[in-house]
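Structure record follows, encoded as structure tokens.
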Amino acid sequence: MTDVQFPEPVVLRAGDRLLEIRDAMQAAQTLAEAWPATRGKWYHAANRACRSAVKGETSPQLARSMFVQAVDESRLGA
């Protein structure tokens, strides 16, 4: 596994708490375990990008960008 740290954390709402996602591994886990049932195109793009970043195949910057789009799409932004 390579360094999958995001250049800047992503903060999102999960129910009544705030989550600070700092790397692609956390983002992939959040997408899998704490995401709303409604999943749009950015969710799927972020899921692929984050898993790819964990494998070292995609940059953490690209994974973060896709994850931010998914957060915006699902209206989970803090």
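The residues of the chain are indexed from 1 along the displayed sequence. Only this structure's heavy atoms are used, side chains among them; waters, hydrogens and symmetry mates stay out.
- The backbone N or O of Gln26 lies less than 3.5 Å from a partner atom in the side chain of Thr30, making a donor-acceptor pair.
- In this structure, the side chain of Glu73 engages the main chain of Tyr43 through a donor-acceptor pair within 3.5 Å.
- Judged as a salt bridge (charged side-chain N to carboxylate O under 4.0 Å, His left out), not a single pair has a partner in residues 29-54 (not counting sequence neighbours).
- Note on Val71: it does not cluster hydrophobically with Leu62, by side-chain heavy-atom contacts below 4.5 Å among ILVMFWY residues.
- The shortest distance between side-chain heavy atoms of Ile21 and Phe67 falls below 4.5 Å.
- Partners of Ser74 according to the side-chain hydrogen bond (donor to acceptor under 3.5 Å, both in side chains) rule, which considers only residues two or more places apart in sequence or in another chain, are Trp35.
- For the atom pair CZ (Arg64) and OG1 (Thr58), the distance works out to 16.0 Å, reported to the nearest 0.5 Å.
- Val4 and Ala53 make their closest contact through CG1-O, 3.1 Å (heavy atoms, listed as atom of the first residue, atom of the second, distance).
- At a threshold of 4.5 Å between side-chain heavy atoms, the hydrophobic network of Ile, Leu, Val, Met, Phe, Trp and Tyr places Val68 and Trp42 in two separate groups.
- Residue Arg75 holds its CZ atom at 15.5 Å from CG of Leu12, rounded to the nearest 0.5 Å.
- In plain terms, the two heavy atoms of Ala63 and Ala24 that are nearest each other are CB-CB, 4.4 Å.
- Separation of atoms CD (Glu8) and CD (Glu20) is listed at 9.5 Å; rounding is to 0.5 Å.
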